[in-house]
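A short worksheet on the structure shown next.
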Amino acid sequence: MFKSILVTGGAGFIGSNFVPYFCQKYPEYHIVNLDKLTYAGDLSNLVECEHFKNYTFVKGDICNHEFIKEVFARYNICSVIHFAAESHVDNSIANPFDFIQTNVLGTFNLLDVAYKFWMNAPKIPKENFVYSRFHHISTDEVYGTLGEFGYFKETTPYAPNSPYSASKASSDLLVRAYFHTYGMNVTTSNCSNNYGPKQHKEKLIPKIIYNCLNNMPITIYGTGKNIRDWLYVKDHCNAIDLIFHKANAGETYNIGGHNEKTNLEVAYTICSYLDKKVPRQVGKYADLITFVKDRAGHDLRYAIDPSKITHDLNWKPDESFDTGIIKTIDWYILNS
Ligand code: NAD
């Protein structure tokens with residue numbers, strides 16, 4: 001019999017890389033992809049799933065309690081992999097309300113429905129749901145910012161600085177509470193910045209590529225010296241798969257590939273690859289770089305210490321930034 005797994009936010013960037021990978025790898029699972037299809041969700045990223053017999057798409061909002069209850073009952077949902085979120089820091093500065101609504105209340109709603117559907121009472125699962133698991137996808141941004149040295153570990157205190165990271169930190173704490181109070185089988189992963197195919201062009205890497213290909217200014221916040229630790233999206237999917245199947249209940253894992261780059265380095269890397277691949281008629285792509293006023297509360301540096309997932313689950317990324325960025329740029333050239 002199929003086990004039905006609810007994947008939320010599967011039409012977004014990471015979800016739409018994860019869903020086809022998971023459907024293909026686990027034909028014994030029925031993947032129910034629930035997505036509200038906000039501006040960030042795009043079903044055209046999932047055309048490859050249309051012929052999968054073990055895939056169903058459901059449009060809806062994770063904040064709608066009755067609807068989520070109905071989805072659990074209709075598909076007999078036995079596990080959840082929760083990606084759905086408002087995810088763009090700039091939008092969270094302009095309009096924090098949606099972030100609290102979806103990231104905090106939506107996550108709470110899913111936890112509450114899952115708990116009542118899977119368990120009779122705290123620490124007492126129903127017979128058919130003994131192995132039911134709730135995996136929550138989160139971000140390294142919950143830890144705040146680093147100086148020049150050091151890394152985020154699972155034990156680093158939470159210190160979120162933007163409405164986005166504060167809303168994700170809140171959702172992580174709710175997940176934690178459902179483990180400690182109710183004994184729900186939860187796991188959480190906090191990942192560094194992802195890049196790869198299918199990302200919305202509001203985000204740094206697709207935006208740089210898109211602007212290059214359309215001869216538009218490449219805007220870089222402040223001095224461009226902010227550092228992010230980049231991970232190719234398929235390596236993130238692989239880590240989620242491992243945690244979902246192998247981690248102990250209640251565990252959290254940091255995921256990152258030791259690929260620290262300043263925003264300016266990222267821009268120059270993309271420009272110099274495009275200079276070779278699709279040269280401009282006049283000048284170089286880097287001529288398009290323009291510095292703009294810094295983002296409010298812009299964190300200086302994120303960097304992950306992934307030694308726990310490496311040690312416990314034997315995870316390591318397949319791509320370095322040098323190999324992953326080429327695959328990514330080639331994908332956007334073909335798909336824009
Ligand atoms: P995304 O913005 O590309 O996709 C989010 C998806 O969630 C969209 O398809 C959207 O339609 C859906 N959604 C939003 N609100 C919803 C709601 N109320 N109900 C149902 N669906 C809703 O985001 P992403 O970059 O794919 O990120 C996925 C998850 O991974 C998020 O939880 C994010 O915090 C986390 N994360 C992202 C990164 C990154 O670099 N992109 C890094 C670490 C963690």
Side-chain angles (χ1 to χ4, degrees), residues 13-15 17-18 21-22 25 81-83 85 87 89 133-161 164-165 168-169 171-173 175-176 179 186-197 199 203-205 226-263 265-266 269 299-328:
F13 163 46
I14 306 174
N17 280 280
F18 180 80
Y21 157 83
F22 218 59
K25 186 163 174 193
I81 302 179
H82 175 36
F83 293 92
S87 71
V89 176
R133 164 157 286 182
F134 189 110
H135 180 67
H136 176 57
I137 320 288
S138 191
T139 165
D140 60 352
E141 299 188 33
V142 297
Y143 299 119
T145 186
L146 290 165
E148 218 180 311
F149 305 106
Y151 294 93
F152 296 136
K153 297 170 88 72
E154 288 77 0
T155 49
T156 303
Y158 274 28
N161 288 324
Y164 165 64
S165 53
K168 292 298 290 186
S171 65
D172 294 8
L173 298 183
V175 172
R176 177 189 154 89
F179 173 70
V186 304
T187 45
T188 297
S189 48
N190 296 86
C191 189
S192 59
N193 277 45
N194 283 214
Y195 68 102
Q199 190 169 25
K203 302 282 171 57
L204 185 71
I205 287 180
N226 302 67
I227 293 173
R228 301 292 178 260
D229 186 354
W230 292 96
L231 185 71
Y232 192 62
V233 63
K234 297 201 173 154
D235 286 320
H236 186 189
C237 294
N238 183 254
I240 293 167
D241 180 4
L242 273 176
I243 297 168
F244 180 72
H245 286 103
K246 302 229 161 97
N248 290 328
E251 284 294 351
T252 65
Y253 283 98
N254 283 357
I255 311 170
H258 283 304
N259 281 300
E260 286 182 51
K261 305 276 169 211
T262 65
N263 290 346
E265 278 174 312
V266 169
T269 305
D299 288 336
L300 177 67
R301 175 172 167 255
Y302 304 143
I304 285 270
D305 173 357
S307 53
K308 182 175 170 189
I309 189 169
T310 309
H311 175 266
D312 288 5
L313 303 178
N314 203 17
W315 174 84
K316 63 173 177 48
D318 286 334
E319 303 291 345
S320 67
F321 190 73
D322 291 344
T323 58
I325 197 68
I326 288 172
K327 289 185 178 178
T328 303

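- A donor-acceptor pair under 3.5 Å is absent between the side-chain atoms of N17 and the main chain of C237, judged by distance alone.
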Practice prompt. List the steps and the verdict of side chain to side chain donor-acceptor pair (under 3.5 Å) for D305 and S307.
Written response: CA-CA 6 Å; D305 173 357; S307 53; 2.8 Å; yes
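- Legend: residues meeting ring pair (Phe, Tyr, Trp, His ring centres under 6.0 Å) with Y195, ordered by chain and number and at least two apart, are Y232, F321.
- Using a 4.0 Å cut-off between charged nitrogen and carboxylate oxygen, E141 and K168 do not count as a salt-bridge pair.
- Listed for the R133 side chain is a donor-acceptor partner under 3.5 Å among the backbone atoms of F244.
- Contact between A303 and L146 at its shortest, heavy atoms only, is N-CD1, 3.4 Å.
- Residue pairs that meet the salt bridge (Lys or Arg N to Asp or Glu O under 4.0 Å) test with at least one member in residues 240-256, sequence neighbours left out, are K25-D241, E251-K308.
- Aromatic rings from H258 and Y151 are positioned such that their centres are separated by under 6.0 Å.
- Across all their heavy atoms, P317 and L231 have their closest contact at CB-CD1, 4.1 Å.
- The two residues I255 and H236 come nearest to each other via the heavy atoms CD1-CD2, 3.8 Å.
- Taking CD1 from I205 and CZ from R228, the interatomic distance works out to 12.0 Å, rounded to the nearest 0.5 Å.
- A donor-acceptor distance shorter than 3.5 angstrom exists from the side chain of T145 to the backbone of R301, with no hydrogens or angles considered.
- For the atom pair CD1 (I309) and CD1 (I243), the distance works out to 4.0 Å, reported to the nearest 0.5 Å.
- Panel note: side chain S165, backbone N161; a donor-acceptor pair is recorded below 3.5 Å.
- Checking T139, T188, N190 one by one against D172, the side chain to side chain donor-acceptor pair (under 3.5 Å) holds for a single residue, N190.
- For the salt bridge (charged side-chain N to carboxylate O under 4.0 Å, His left out) test, no residue two or more places apart in sequence or in another chain qualifies with K234.
- Residues T262 and E265 come closest through the heavy atom pair N-OE1, 2.7 Å.
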